[in-house]
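Values in this document were obtained by computation on a predicted structure and should not be read as measured data.
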Amino acid sequence: MTSFNFHRGCRLKGKFVLPFSFLLFASFGFGQTAAPGGPGKDAQWATAAKQGVGTSATAKSKVWFTLAQGVLTEVYYPDVTVANVHLLQFIVVNPKTKKVETEQDDAIHQIRVTRPDSLTFQQINTAKSGEWKITKTYVTDPSRDVVAIDIQFRRSNPNLVLYLYFDPSIGNSGMGDNVRGAGNKILAYEKDVYSALFVPTNIVSDFTVGFAGVNDGLDDLRKHGRFVDKRSGMNGGNLAATARMKSDDFMVSLGFGRTESEAWNNAEYLHPDDRKSRIFEEIQSTYEKGWADYVKTLPRVDAKYQAQFNMAAMQLKAHEDKANPGANIASMSVPWGGGANANEPNIGGYHLVWSRDLYQVFTAFMAIGDRAAAERALNFLFKVQQKPDGSFPQNSWLDGRPFWGSLQMDEVAYPLIMAYELKRFDKATWENHVKKAADFIVKNGPATPQERWEEEAGYSPSTIAAEIAGLVCAAEIARRNGDTASAELYLKTADEWEANIEKWTVTKTGPHSREPYYIRIAQNGKPDAGDKIELNNGAGFFDEREIVDAGFLELVRLGIRPADDPIIVNSLKVIDKVIKIDTPNGPAFYRYNNDGYGEMPDGRRWNWDGKYTGKGRLWVLLSGERGQYEIARCAAQLLESSAAERCYNRPKARLDHMLAFANEGLMIPEQVWDRKETPKNIDRQFIPDLKFGEGTGSATPLAWSMAQFIRLATNLKAGRNLDTPAAVYDRYILKKR
């Protein structure tokens, strides 16, 4: 995943709607003031390093929130692909000295998961100056499209004044928003998405709207210590609203709707008589009960890992769209944020569905016993995403429309494994989905236009492993449907490819070892030819034999090669020598050497200059994959009890490392920083403070990382890899013993 796009076409539905301006003037009774400086600075997505992602456990409430750097970042509505908020934070001003401090820039940030069985998050921001502290607790109303935030402001200086700053990004677009405010109400809208921000009556004493970063309320406060240019409404730009608060304890509700009245009804419902405390507690109680009931269904793991295990499972459930069952996106983030790409609704980030990522999530659902969620995932792939020729898009929107245009053969194979694991042997599944995908693999494999890192074409060990496993699983489904010809064809093809894996992907003349080892990919299936390969993200040209990754471990996990295979064992020595880094939180691995998908060496975000350059950092999920290999190695050795305990300590250590790589909010990132040096943060809004062995500005949480944690934890408890397809293992490992 290395580039981004958004979509969302909107239109009004149903009954006649009065002109927007009439509704606002009728309800608010104010005029509009024109302002220079439009349309404002480029809109930019916030950092992807989320410390919390929350939504209700119900399908009725279709709103999601994300938290980072002490503030509320994106809020999604009406589905997991549409962000409508860029930033909501508080500003603290000393009118006498004109000193202005913001939560994001001038506070020490702490985040708490308030209980281990709920997606309830609390941000605690303490001023670096020591003069104030703001505590914010976030939930969503399980029955309505609204985010509720409980605010507590504490100050040591009575002169300090609190302001609310709200920067919307309605419909995935930071430009083109319309914002109005009066009294205790702020409304933002674009097309048919409306956002209504509401605080209790008599709490707001002053208000202004301006172009973000040009003449908004924050700009006014920094220049004058108060509002000078007061504007109650503006249209068509990157707008931000700022309001002065008269209370230290109150609740903010942020409601959404397809119409103005729907958004207001959702927001104002939480403030029937300004009973802030009791109303918030009622919502929080219902919200937390929904998640607690879900967590009760989860298996138990070692106490040390249970809270992280629960969070991983809840996040996977949260990343499934509520109107499109089975559509789990990769992450509620745009990796590294930034850029002018938030001006228009044409960026997808990781708010898309990848067949491969959904397979990883599927394995986690199977591991926790949520078969219904696993079924929904497969149904989405087969009934929504699969193409008429049997293949699957590189990724897609929730309605199945392809986004990026390439083809990855492992993504065609994984749904076949899913169908086998779910015992979907019915005739309709076979004829309409499995057979089409398997025939496509036979016709187009084993080489792939892109491997799992979505960058290179050729013969990839990880892709070939998925293809072989997919064909064997498809053959079993064909046999059960009486199609012996197809079953024989699939097995014959799988066997031929299995016999040629080393020929296509193992070098005997590479620079990293005198013994044979797997390379990342061979463009022409000739791993000793010394062909030059151009790596993405400006990394340059290299001899194929130089570039290694650990994708060959899929051959073990999927049951095609035994864990003690000599080439597998030697290849791991190469991996440890070339792409392993020991961090304070444990060893971790690069995707491959010379990767360019990550921050610049000085800490600037990937693609900061629009040239897609950077340096790849360490991927957390690879520690989990290594742990699964070590489980397979232990399980195959039939060790006596004390030796087995020592053996399983190795994969257990990998789980410890994944646990340590998670942030305070228990979000497991895509990547962690790989060096002792902490660069000066010159890109604070988009990149967190980069610390050795801690998360970067990459996608956080990454659903694949969360799923891998669940998989490793459950497999450790079982003492074997539960996600290894039995039919594949029996054919290529058990029968050869």
### Task
Only counting residues at least two apart or in another chain, list the ones meeting ring-ring contact (aromatic ring centres under 6.0 Å, His included) with His109.
none
### Lys508 bridged to Glu515 by N-O distance under 4.0 Å
no
### Task
Give a yes or no on this: more than 12 heavy atoms of other residues, nucleotides or ligands lie within 6.0 Å of atom NZ of Lys717.
yes
### Task
For salt bridge (charged side-chain N to carboxylate O under 4.0 Å, His left out), just list the numbers for Arg557 and Glu625, CA-CA rounded to whole Å, side-chain angles, deciding distance to a tenth of an Å, and then say yes or no.
CA-CA 8 Å; Arg557 187 183 68 84; Glu625 291 188 348; 6.0 Å; no
#### Entry: No-hydrogen, no-angle side-chain donor-acceptor test under 3.5 Å, Gln394 and Glu454
yes
### Any donor-acceptor N or O pair under 3.5 Å, side chains Asp674, Tyr590
yes
### Query
Less than 4.0 Å between a side-chain N and a carboxylate O, is that true for Arg731 and Asp495?
yes
### Task
Classify the angle between the aromatic ring planes of Phe121 and Phe65 as parallel (below 30°), tilted (30 to 60°) or perpendicular (above 60°).
perpendicular
### Task
Check the side chains of Gln122 and Thr137 for a donor-acceptor pair under 3.5 angstrom, ignoring hydrogens and angles.
yes
### Message
Whether Glu599 and Arg604 form a salt bridge (side-chain N of Lys/Arg under 4.0 Å from carboxylate O of Asp/Glu) is what I want to check.
### Response
no
### Task
Any side chain to side chain donor-acceptor pair (under 3.5 Å) involving residues 654-666? Give me the pairs, sequence neighbours left out, ordered by first then second residue.
Lys304-Asp656, Tyr305-Asp656, Glu630-Arg654
### Query
Tell me the ring-ring contact (aromatic ring centres under 6.0 Å, His included) pairs involving residues 565-587, sequence neighbours left out?
none
### Message
Around atom NZ of Lys577, are there more than 12 heavy atoms from other residues, nucleotides or ligands closer than 6.0 Å?
### Response
yes
### Task
Please say whether more than 12 non-hydrogen atoms of neighbouring residues, nucleotides or ligands are located less than 6.0 Å from CZ in Arg675.
yes
### Query
Hey, is the main chain of Thr505 close enough, under 3.5 Å, to the side chain of Glu502 for a donor-acceptor pair?
no
### Query
With sequence neighbours left out, what residues match Phe309 under ring-ring contact (aromatic ring centres under 6.0 Å, His included)?
none
### All pairs passing disulfide bond (SG atoms under 2.5 Å apart) where residues 706-737 contributes a residue, at least two apart
none
### Message
Using a strict threshold of under 4.0 Å (side-chain N to carboxylate O), is an ion pair present between Lys735 and Asp730?
### Response
no
### Message
Is it the case that the side chain of Asn500 and the backbone of Lys503 share a donor-acceptor pair, with hydrogens and angles ignored and the cut-off at 3.5 Å?
### Response
no
Distance-only donor-acceptor hits, side chain of residues 366-373, under 3.5 Å, sequence neighbours excluded:
| unit_1 | atom_1 | unit_2 | atom_2 | d |
| --- | --- | --- | --- | --- |
| Asp370 | OD1 | Ala373 | N | 3.1 |
| Arg371 | NH2 | Leu422 | O | 2.5 |

